[in-house]
Amino acid sequence: MSAMLDQVKGYFEGKVDFQGQRLADRINQEVLVMGALLALFVGFAFSSLQVMMLIFAAISAVDFVLVVPAWPWYRRHQTKWLPNIPRSDADEAKATGEQGKSVDEVEKEPLLAAAEGKKAR
Amino acid sequence: MVLMNTLTSRLSAWSGLVLSVLLFLCSAVSFLTYPSPSTLKSLNPRANLTVTSVETILGRQRWSPNREEQEFVEVRFDLATDLTGGLAGQGGRALWTWNTKQVFLSLVASWDSVDPRARGKGGIRKNEAVLWDRIVQRREDARVLISQGNKYALREVGKRWAGIDSANFTLHWNVMPHVGMLAYGHEATTGAIPIPARARRVRQLPNGETVEEDEEVRRMPY
């Protein structure tokens with residue numbers, strides 16, 4: 001039950017990846033600006049404000065359909081996350097509690113040791 | 001770049017851009033269709049405005065809270081003009097564009113009167129009153145060919161027209177677009193038309209004297 005709800009929530013959130021966001025932004029801007037210019041020219045040609053507004057409304061609706069839903073072409077380049085290094089809770093508690101350090105200080109220890117090792121050499 | 005990660009942020013970005021672009025479209029249209037300076041400043045040489053008769057009458061208004069006895073000026077005029085624009089390139093007036101919603105025509109009487117409170121302007125106050133108007137919503141209705149009297153009352157602040165010599169009559173137009181700024185201009189004007197004194201009845205008394213009397217106070221149609 002909760003898995004289905006999560007799926008529904010996923011649809012409503014409509015998350016896309018970073019390349020997809022750039023693509024969506026570009027499509028949005030170009031379609032609307034070109035659509036506005038087209039509407040202006042056609043409205044001028046037909047001497048009708050109504051024609052201009054109708055064309056712009058139609059193009060805006062098309063742009064809505066192209067940009068707003070989370071289409072598959074916005075999810076082609078998923079971000080590749082690095083694998084998680086598992087650390088047990090007991091290890092973490094021992095390292096922080098006994099010596100009064102924070103989690104960040106404990107995580108930096110291997111890096112500091114590597115830096116000192118290089119300096120010594 | 002605008003944030004586009006979720007459905008709602010894409011919806012927000014889309015609607016924001018639609019409104020901004022719509023604003024650009026409307027301002028472009030209003031810039032393109034605003035009347036040119038030559039249309040705004042010039043009179044139409046082919047318009048005809050003549051005042052055929054002017055009469056001063058003592059009367060009482062019917063449809064106004066102010067029911068005092070006062071002098072009204074009744075003006076009959078002839079107006080012949082064509083404001084449909086025709087072909088703008090051939091010297092016609094480009095009042096009607098694809099952005100014109102309606103044109104308001106008004107015939108305005110303007111006169112000077114003595115006002116001790118108008119100290120900054122040498123004691124002269126400028127008055128303007130609308131005699132006749134027409135709201136033109138279709139281009140064809142902008143052909144005006146009328147010969148009639150004033151539609152609205154022409155009254156003076158001081159309730160008497162004795163101190164005023166003459167008045168000028170001009171036809172003003174006002175273009176109201178669908179989007180954009182209002183534009184005002186004049187079409188035709190007459191010179192100074194004299195305003196006569198009120199006609200008084202002369203009655204002869206039995207002993208031979210003549211007495212000047214006011215005519216009956218008329219009930220005005222406005």
Side-chain angles (χ1 to χ4, degrees), chain A residues 8-71 73-75 77-79, chain B residues 1-36 84-90 92-103 136-140 142 175-183:
Chain A
V8 169
K9 206 175 79 165
Y11 274 126
F12 276 109
E13 260 186 337
K15 282 206 165 109
V16 301
D17 58 61
F18 295 111
Q19 292 300 331
Q21 288 179 44
R22 272 165 111 184
L23 181 63
D25 195 33
R26 200 174 149 202
I27 290 178
N28 190 31
Q29 288 182 0
E30 292 186 3
V31 167
L32 281 178
V33 170
M34 289 200 287
L37 289 173
L38 179 76
L40 187 61
F41 288 137
V42 175
F44 185 81
F46 279 84
S47 260
S48 164
L49 215 67
Q50 195 180 30
V51 163
M52 182 184 92
M53 293 298 184
L54 283 175
I55 290 181
F56 183 63
I59 292 182
S60 298
V62 166
D63 184 58
F64 181 94
V65 171
L66 282 176
V67 166
V68 175
W71 294 112
W73 57 76
Y74 294 134
R75 287 179 162 161
H77 304 273
Q78 295 287 341
T79 314
Chain B
M1 197 189 120
V2 187
L3 206 58
M4 290 265 196
N5 53 343
T6 61
L7 191 109
T8 46
S9 50
R10 283 196 299 282
L11 181 63
S12 166
W14 170 85
S15 64
L17 194 59
V18 163
L19 288 177
S20 306
V21 169
L22 196 61
L23 178 67
F24 158 78
L25 263 184
C26 292
S27 12
V29 170
S30 76
F31 274 124
L32 288 173
T33 57
Y34 195 74
S36 65
T84 56
L87 295 163
Q90 290 176 8
R93 290 166 85 71
L95 286 188
W96 286 88
T97 66
W98 52 305
N99 190 19
T100 305
K101 185 170 161 195
Q102 61 194 30
V103 171
V136 182
Q137 288 179 320
R138 294 182 316 152
R139 193 177 169 167
E140 304 77 50
V175 178
M176 300 171 191
H178 284 288
V179 285
M181 288 176 52
L182 299 175

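Note that the structure is predicted; figures quoted are calculated from it, not measured. All chains are named by letter (A, B, ...) in the order of the sequence lines, taking the proteins before the strands, and each is independently numbered beginning at 1. Every heavy atom of this structure was used, including side-chain atoms; hydrogens, water molecules and symmetry mates were not.
Residues B/C26 and A/M53 form a side-chain contact, since some pair of their non-hydrogen atoms from C-beta on lies under 4.5 Å apart. Residues B/N5 and A/F18 have side chains not in contact (no heavy-atom distance under 4.5 Å, counting atoms from C-beta outward).
Of all non-hydrogen atoms in A/S60 and B/V18, the two that sit nearest each other are OG-CG2, 4.0 Å. Scanning both residues, A/A36 and B/V21, for their nearest heavy atoms gives CB-CG1, 3.2 Å. Taking both residues in full, the closest heavy atoms of A/Q21 and B/M4 are given as CG-O, 3.5 Å, listed atom of the first, atom of the second, then distance. The two residues B/V29 and A/L49 make their nearest non-hydrogen contact at CG1-CD1, 3.7 Å. Looking at every heavy atom in both residues, A/L40 comes nearest to B/A28 through CD2-CB, 4.2 Å.
Counting only distance, with no hydrogens or angles, the side chain of B/W14 and the backbone of A/V65 share no donor-acceptor pair below 3.5 Å. Remark: side-chain polar atoms of B/R10 are not paired, donor with acceptor, to backbone N or O of A/F64 under 3.5 angstrom.
A distance of 7.0 Å separates CD of A/E13 from OG1 of B/T6, quoted to the nearest 0.5 Å.
In this structure, the portions of A/S47 lying under 4.5 Å from any heavy atom of chain B include both its backbone and its side chain. For A/Q29, the parts sitting under 4.5 Å from any heavy atom of chain B are the backbone and the side chain alike. If you measure heavy-atom distances from A/R26 to chain B, you find no contacts under 4.5 Å at all. In this structure, the portions of A/F44 lying under 4.5 Å from any heavy atom of chain B include both its backbone and its side chain.
Options A/A70, A/A39, A/G14, A/G20 differ in how many heavy-atom pairs under 4.5 Å they form with chain B, and the most are formed by A/G14.
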